[in-house]
Structures are given as structure tokens and as C-alpha cells.
Novice: 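One structure is given below, represented as C-alpha cells, and several questions about it will come after.
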Amino acid sequence: MNPVLVESIQCHLWTDALHVRQLAREAANRWDRGTYVRLCVVLAWTALELGCQEALCAPEIGYRFKDNLDRAVAAKSLPPLEWSQGVWQEVRRIQEIRKAFVHKFASLADMFPESAVADDAIAVVRAAIASIFDHAAVASPDWIEFDHSHGWAGRSGASDVVYATAITGGVSPDDPIAVRICYVADQVERISGIHPPGFDYTSEVERLVRAIRIPITAIRVYVGQTLVSEMLVHVRGSH
């Protein structure tokens with residue numbers, strides 16, 4: 001799977017939740033697992049609140065979630081949500097789990113939830129975010145489809161990757177005005193492609209940022225030795 005390109009706060013929170021869900025699955029003991037599960041539920045819930053805010057253009061949704069969400073739905077002249085069944089009934093259940101974690105632990109045993117609780121929270125929140133965007137007749141954000149994040153063991157280092165440089169248009173790598181497109185990974189700048197003088201690099205940069213299979217922090221374009229463009233990239237897993 002390609003690294004996830006993080007383009008919004010909502011996406012960042014969602015991928016945070018996916019990451020700690022994976023850590024909960026990999027945890028070697030119940031103490032670590034409980035920490036990651038509780039954090040997953042809290043992060044997923046925050047992503048839900050922000051998703052609802054985005055779908056309904058209602059920044060006040062959050063505290064008193066149900067009341068404020070119902071008010072925002074009514075303000076858009078949309079049909080009311082059905083809280084007694086379906087996904088919104090499940091949302092209420094996840095809300096109670098979150099409240100227990102954040103506000104009112106019933107016992108010390110509640111501090112050690114199983115990783116299935118994190119799986120459940122992610123599944124319900126994903127369905128709810130898709131539902132609220134559909135209810136508002138607004139296109140769902142791409143980030144809600146993300147369903148994977150590496151935990152501790154899944155990270156690959158530079159030694160796992162074979163690097164290559166594409167040379168196009170018959171240009172010589174020694175041409176002093178050739179266009180060089182580079183990316184920065186693990187704090188090292190590497191050449192992705194060398195192109196003829198005058199090459200329109202815009203679409204190639206866009207393709208590279210979507211297609212590259214390792215976490216990167218920047219894409220740079222040079223004409224000869226002169227830096228003409230630099231794009232900072234927020235990819236989960238990059239330094």
C-alpha cells in the first residue's frame with residue numbers, strides 16, 4: 001500500500017486513529033493495548049465530530065453532540081437522523097464507550113479493553129461519516145476510505161527500497177539545463193527523473209506525489225542546478 005498523503009486535519013486525525021488501532025492489535029501486553037484502544041476511540045470520535053462539521057458546515061458540533069448535530073441537520077432543512085436504529089444507534093453506543101474512557105471509568109478493569117473495541121469504533125465512525133455526507137448530499141472525503149496504517153513492525157526503512165532514476169526524451173544526464181525532479185526520503189534527496197530542457201514538470205510532480213511508495217517529505221524540481229520548485233509533502237510515516 002502507498003503511504004497516506006495527509007491533506008487535512010480530519011485526515012490526520014483519522015490516520016492517527018488507524019495507527020493506534022494497529023498498535024492495539026500488535027500490543028505485547030494489556031497495558032499497552034488498553035492505552036492504544038482508548039486513544040483510538042477518542043481520536044476516531046474527534047474525526048467523526050469534525051466530519052459532521054465539514055459535511056454540514058456547522059463548526060459548533062462537538063459538545064452536546066447529538067443535540068448540536070440534530071440542530072445542524074434541521075438548519076439545512078434535511079430529514080432528521082434516526083437515532084433509534086442503524087448507524088446512528090451505533091454511534092450512540094460508541095459515544096457511551098468514549099464517555100466511559102474519558103469521563104467515568106466504572107472500574108480499573110475498564111482500563112484494559114480488547115483490541116476489538118478499537119476495530120468496532122473505526123468501523124462505526126467510518127460508516128457514520130459516510131452517512132452524514134450522504135445525508136447532506138455532499139461528496140464524502142477520500143480519507144474516510146483509508147483503512148490501513150503500519151504499526152511498529154510495519155515501517156520500512158531506506159534499506160528496503162530500490163531507488164531508480166527515469167531518463168526521458170533522450171536527454172543526457174549531463175545536460176546543464178536538463179529538468180531534474182527529485183524527492184526527499186529519510187532526509188536524503190534522490191532523483192526521480194531527468195527530462196529535456198523546457199519539460200512541463202507540473203503533471204509529473206502531481207503523479208509522483210500520488211504514486212511514490214515510500215514516505216517522503218518534499219518534491220523538488222531543478223533546471224540544471226537551480227531550484228525552481230519545491231513542494232512540501234505530509235505523508236504519514238515520514239520524518
Side-chain angles (χ1 to χ4, degrees), residues 1-25 36-102 115-150 206-207 209-211 215 231 233-237:
M1 174 184 171
N2 290 352
V4 172
L5 181 63
V6 177
E7 298 180 298
S8 68
I9 293 173
Q10 294 92 325
C11 178
H12 199 153
L13 285 168
W14 181 248
T15 57
D16 283 350
L18 295 178
H19 178 61
V20 293
R21 178 188 65 173
Q22 185 61 27
L23 294 183
R25 292 169 172 173
Y36 300 139
V37 171
R38 297 193 306 271
L39 183 55
C40 179
V41 171
V42 171
L43 289 168
W45 184 265
T46 306
L48 172 60
E49 291 181 351
L50 292 181
C52 290
Q53 290 178 12
E54 180 182 347
L56 298 169
C57 299
E60 72 280 2
I61 295 172
Y63 181 69
R64 298 184 62 86
F65 175 77
K66 179 179 180 298
D67 292 343
N68 285 336
L69 184 55
D70 283 341
R71 190 175 296 112
V73 167
K76 291 287 187 180
S77 300
L78 299 170
L81 300 177
E82 179 53 75
W83 294 95
S84 63
Q85 61 184 4
V87 66
W88 297 105
Q89 184 180 46
E90 293 296 288
V91 165
R92 294 287 278 173
R93 181 175 59 79
I94 297 298
Q95 185 179 31
E96 291 305 308
I97 294 173
R98 174 189 172 275
K99 285 180 180 178
F101 289 161
V102 174
S115 61
V117 174
D119 294 328
D120 181 39
I122 290 293
V124 170
V125 168
R126 184 198 312 280
I129 292 174
S131 178
I132 197 63
F133 274 88
D134 183 63
H135 199 73
V138 177
S140 295
D142 291 341
W143 55 263
I144 198 57
E145 298 300 326
F146 299 156
D147 193 36
H148 178 79
S149 179
H150 292 309
E206 292 175 352
R207 185 202 65 79
V209 77
R210 300 290 179 182
M231 178 184 190
V233 183
H234 300 286
V235 172
R236 187 161 196 95

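Worth knowing before you read on, the calculation uses all heavy atoms, side chains too, and leaves out hydrogens, waters and symmetry mates.
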Novice: Are a donor atom and an acceptor atom from the side chains of R98 and Q95 found within less than 3.5 Å of each other?
Specialist: no

Novice: To the closest 0.5 Å, what do you measure between CD (E54) and CD1 (I129)?
Specialist: 9.5 Å

Novice: Looking only at non-hydrogen atoms, find the nearest pair between S115 and V37 and report the distance.
Specialist: CA-CG2, 3.8 Å

Novice: Looking only at heavy atoms, what is the nearest atom pair of A72 and A58, with distance?
Specialist: CB-CB, 3.6 Å

Novice: With side chains defined as the heavy atoms from C-beta onward, is the minimum distance between T15 and W143 less than 4.5 Å?
Specialist: no

Novice: State, yes or no, whether a side-chain contact exists between V124 and W45 at a heavy-atom distance under 4.5 Å.
Specialist: no

Novice: Can you measure from CG (L50) to SG (C11) and round to the nearest 0.5 angstrom?
Specialist: 12.0 Å

Novice: Are more than 12 heavy atoms from other residues, nucleotides or ligands located less than 6.0 Å from atom CD1 of I9?
Specialist: no

Novice: Would you say the side chain of L69 lies within less than 4.5 Å of the side chain of I132, judging by non-hydrogen atoms?
Specialist: yes

Novice: Starting at CD1 of I144, measure out to CH2 of W14 and round the result to the nearest 0.5 Å.
Specialist: 4.0 Å

Novice: Using every non-hydrogen atom in the two residues, find where C57 and K76 come nearest and quote the distance to one decimal.
Specialist: CB-NZ, 4.1 Å

Novice: Please report the closest heavy-atom contact between A17 and A44, naming both atoms and the distance.
Specialist: CB-N, 3.9 Å

Novice: Assess whether side-chain contact (heavy atoms from CB on, under 4.5 Å) is satisfied between D16 and L39, documenting all intermediate values.
Specialist: CA-CA 9 Å; D16 283 350; L39 183 55; over 6 Å; no

Novice: I'd like to know if D67 pairs up with R71 as an ion pair, taking the criterion as any Lys NZ or Arg NE/NH1/NH2 lying under 4.0 Å from an Asp or Glu carboxylate oxygen.
Specialist: no

Novice: Please report the closest heavy-atom contact between C40 and R21, naming both atoms and the distance.
Specialist: SG-CB, 3.9 Å

Novice: How close do A121 and V41 get, counting heavy atoms only, and between which atoms?
Specialist: CB-CG2, 4.0 Å

Novice: CG of L78 to CG of D70: how many Å apart, nearest 0.5 Å?
Specialist: 11.5 Å

Novice: Do other residues, nucleotides or ligands put more than 12 heavy atoms under 6.0 Å from R93 CZ?
Specialist: yes

Novice: V91 vs L81, test: side-chain contact (heavy atoms from CB on, under 4.5 Å). Steps then yes/no.
Specialist: CA-CA 11 Å; V91 165; L81 300 177; over 6 Å; no

Novice: Taking it one step at a time, do F65 and L48 satisfy side-chain contact (heavy atoms from CB on, under 4.5 Å)?
Specialist: CA-CA 10 Å; F65 175 77; L48 172 60; 4.1 Å; yes

Novice: Answer whether the closest heavy-atom distance between the side chains of D147 and R126 falls below 4.5 Å.
Specialist: yes

Novice: Given side-chain contact (heavy atoms from CB on, under 4.5 Å), test D119 with R25 step by step and report yes or no.
Specialist: CA-CA 9 Å; D119 294 328; R25 292 169 172 173; 2.9 Å; yes

Novice: Measure the CG-CD1 distance between D120 and I94 for me, rounded to the nearest 0.5 Å.
Specialist: 4.0 Å

